[in-house]
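Working notes, structure below.
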There are 2 protein chains.
Amino acid sequence: MSLTRMRARRATINDVADAAGLSRGTVSRVVNGEKYVSAEARMAVEAAIAQVGYVRNTAARNLVTQESRAIGLIIHEPHSLLFEDPNIGSILLGANEALSKADYQLVTLIIDSDRDSHRVADHLRGGLIDGAVIVSARASDPIAAAVADIGLPAAFVGHPDGTPDLPYAAIDNVEAARAITSRLLGTGRQRVGMIASALDRDSGQDRLAGFRAAMGERYDPRLVVEYPLYTYAAGFEGMQKLLRRDPSIDGVFAASDAVAAGAMTALQEAGRRVPEDVGIVGFDDSSWALRCRPQLSTVRQPAGLLGTTAAELVLAQLMGLPSSPRVLETVVMWRGSA
Amino acid sequence: MSLTRMRARRATINDVADAAGLSRGTVSRVVNGEKYVSAEARMAVEAAIAQVGYVRNTAARNLVTQESRAIGLIIHEPHSLLFEDPNIGSILLGANEALSKADYQLVTLIIDSDRDSHRVADHLRGGLIDGAVIVSARASDPIAAAVADIGLPAAFVGHPDGTPDLPYAAIDNVEAARAITSRLLGTGRQRVGMIASALDRDSGQDRLAGFRAAMGERYDPRLVVEYPLYTYAAGFEGMQKLLRRDPSIDGVFAASDAVAAGAMTALQEAGRRVPEDVGIVGFDDSSWALRCRPQLSTVRQPAGLLGTTAAELVLAQLMGLPSSPRVLETVVMWRGSA
DNA sequence: TTGTAAGCGTTATCAT
DNA sequence: ATGATAACGCTTACAA
């Protein structure tokens, strides 16, 4: 006595062909909307499809066509950033939009452990994906190797150094940081510091470098504090530390809006007025910026466009076109916080 | 004259077999780490693999094994929520953790247009995925149909009604809303209102129902305002509206922490002290809660666990185990805002 | 322990 | 316009 199978075998193209009294070839042509099928054949096939409940097996199709029409987007962020950083959502949506338009499926793969890292690398190698957009890769992890391994068309968002020679979509963090710091200086501040973050990433390093460049002679390492992540908490603690180090501080560049928001809270709790007593500027022009009171002066980073551009970079490679790095414009948004 | 092909054909298992002087079968056994291969054969194969640069084609493998060891996570959120709602990141990470442990690859599919909706549905149907976790499906969209179509093992996060009879991982929004509203009432407030949101979703409806239940006789529809999204902006505007409607309002339940944060800002700009003049409570215990001054009293929603549980629900189905809805505990976090 | 060969469900080429 | 038939790259009985 045997148990009844719960789920019936999926109908194949053969079942359709049989039901329609036609060949597999014809069925395939109908399914793919090709020319050269008679109206009657088409109708017969369509009826048969409905009758047997056929849906095409994409895996089999991919095997023969040698493409998947899917692009991976790999996110490798520290746990907390997935929550705090609004850019990443915009990047995702931007990439999705570009790919959707080209009729590619975006599949997002997240890396949150070594195990993930290897599994994702295998996924890339396996031919399940035609290309990849890589958000914040670590130079060391297996992803870069996998991409190189099989010459997978890929592009970075951002521009970590030490990574393979791939096209990227990025902004000029040093120039943008220099610009907003100069503007802050332009309000007449005498003692300006920075809450730097994520120095293990190119963006973190570059923003610090830009700050330093703008400060020139006035740069004082004692007025710079460093935190590993672009978080509200980093800003809050960082500002308290700066205040302790030099109570006369009257300006601060925070490495991101989240950091700036934390700093503003710390400042206000310490009884300093913003922007009268201390001016504060951020980076990103994320939703944080408008939420602060006063609203944040910051650098607008075109997060969505970064995603879109990176996606287009891999699309270009897929079409055999040359694709080279693209650096996008940023603009200083001057509001009430400085 | 013909152009040189840029990328060489990928090595197949046949190439390895040839290079090693062994059969495909043996190579396959080595690759899959099976028993019954001699040490010398294994070494020869490994050498050959390295020599020809072989990586197995997963699509082909999936075709024959009839599984992909991948689970889709479908996110269908209005644009803005992907940025404002921190829960979704937690859900993602939670699901990923559970699947990673079971050696499944989580692939996140996002839906941001009708076009996406259909493409994703095809992706599900195509056999590229063994199961799906669905975050906030609309009852109407093609996803539910696709899942039903082929009987794909799936589970919801949350519990939209009108959706097919699938297991889900959710919290009891009405009970939780009732609980925190009661607590707010317990502080002696006389005029308490609500900023309701997302009434097109089960969570939005249920939170309103819970509020209403807690208010009983005291429920006054004039003290309830509604907004489509759980956003800071909704809270800000909603609070202003409530204040206009009844300046004597002294308590408010916001449908989410983001909403509560907006409300708090509006209150403070209007010169009301929190919690002295008006008490405010939120929902989620997201990172917003600790960011507010005073910190938010709110309902802790175990977002990560929701993701984990939903993932386990589909894993169970994959193993042929029964899987039934699971409702997770929430707890009231009482802090300074009321 | 290893080799052989039959699929997995498609698409694509070539006759007809 | 349609039908055979050969791939696509792999796993897996079954035989040896």
Side-chain angles (χ1 to χ4, degrees), chain A residues 7-46 48-49 52-70 122-123 125-130 150, chain B residues 7-46 48-49 52-70 122-123 125-130 150:
Chain A
R7 193 127 45 88
R9 187 180 66 81
R10 275 175 67 158
T12 75
I13 207 172
N14 285 306
D15 301 327
V16 179
D18 291 350
L22 289 161
S23 75
R24 283 214 298 272
T26 306
V27 175
S28 177
R29 283 183 276 262
V30 171
V31 170
N32 295 319
E34 279 170 32
K35 289 187 70 171
Y36 299 129
V37 292
S38 64
E40 43 186 338
R42 169 159 285 121
M43 289 183 52
V45 168
E46 274 158 3
I49 285 178
V52 305
Y54 169 73
V55 303
R56 96 132 85 59
N57 181 320
T58 311
R61 171 178 230 254
N62 292 350
L63 180 57
V64 39
T65 58
Q66 300 283 70
E67 62 164 15
S68 65
R69 295 205 76 81
D122 283 348
H123 199 87
R125 269 190 275 256
L128 266 33
I129 262 172
D130 294 340
I150 62 165
Chain B
R7 194 129 42 89
R9 187 180 65 82
R10 273 174 67 159
T12 75
I13 207 172
N14 286 306
D15 301 327
V16 178
D18 291 352
L22 289 161
S23 76
R24 285 217 295 272
T26 305
V27 174
S28 177
R29 284 183 275 262
V30 170
V31 169
N32 294 319
E34 279 169 33
K35 289 188 71 172
Y36 300 128
V37 293
S38 66
E40 43 186 339
R42 169 158 284 122
M43 288 183 54
V45 168
E46 274 159 1
I49 286 178
V52 305
Y54 170 74
V55 304
R56 93 130 89 57
N57 180 322
T58 311
R61 171 178 230 257
N62 291 351
L63 181 56
V64 36
T65 58
Q66 298 284 70
E67 62 162 18
S68 66
R69 295 206 76 82
D122 284 349
H123 199 87
R125 270 190 274 259
L128 267 36
I129 263 173
D130 295 340
I150 63 166

Phosphate OP1/OP2 of [N]: any [X] side-chain N/O under 4.0 Å:
X	N	value
A:T12	C:dG9	no
A:T65	C:dA12	no
B:N32	D:dT11	yes
B:Y54	D:dC10	yes
B:Q66	C:dG7	no
B:S23	C:dT2	no

Return the [atom1] to [atom2] distance between [X] and [Y], rounded to the nearest 0.5 Å.
X	Y	atom1	atom2	answer
A:N57	A:N62	CG	CG	8.5 Å
A:Y54	A:N14	OH	CG	9.5 Å
B:D122	A:R56	CG	CZ	8.0 Å
A:L128	A:S68	CG	OG	7.0 Å

Name the nucleic acid region contacted by [X], choosing base, sugar-phosphate or nothing; use a 4.0 angstrom heavy-atom cut-off, strictly under.
X	answer
A:R56	sugar-phosphate
A:A41	sugar-phosphate
A:V55	sugar-phosphate
B:S28	base

Quick one: [X] [atom1] to [N] [atom2], roughly how many Å, whole number?
X	N	atom1	atom2	result
A:N62	C:dT11	CG	C1'	12 Å
A:L63	D:dC10	CG	P	9 Å
A:R10	C:dG9	CZ	P	9 Å
B:E67	D:dC10	CD	P	17 Å
B:Y36	C:dT2	OH	P	12 Å
A:R24	D:dT5	CZ	C1'	8 Å
A:E34	C:dT11	CD	P	8 Å
A:K35	C:dA12	NZ	P	17 Å

Q: Quickly, which of B:V37, B:I13, B:D18, B:N32 forms a side chain to side chain contact (heavy atoms under 4.5 Å, CB included) with B:V27? Name it, please.
A: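 Of B:V37, B:I13, B:D18, B:N32, side chain to side chain contact (heavy atoms under 4.5 Å, CB included) with B:V27 is met by B:I13 alone.
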
Starting the side chain at C-beta, find the nucleotide from [options] nearest to [X].
X	options	answer
A:V64	C:dG9, C:dT2, C:dA6	C:dG9
A:I13	C:dA6, C:dT13, C:dT10	C:dT10
A:R61	C:dT2, D:dC10, C:dT11	C:dT11

Q: For B:S28 and B:R24, indicate whether the former's side chain and the latter's backbone hold a donor-acceptor pair under 3.5 Å.
A: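 Here the side-chain-to-backbone pair does not exist.
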
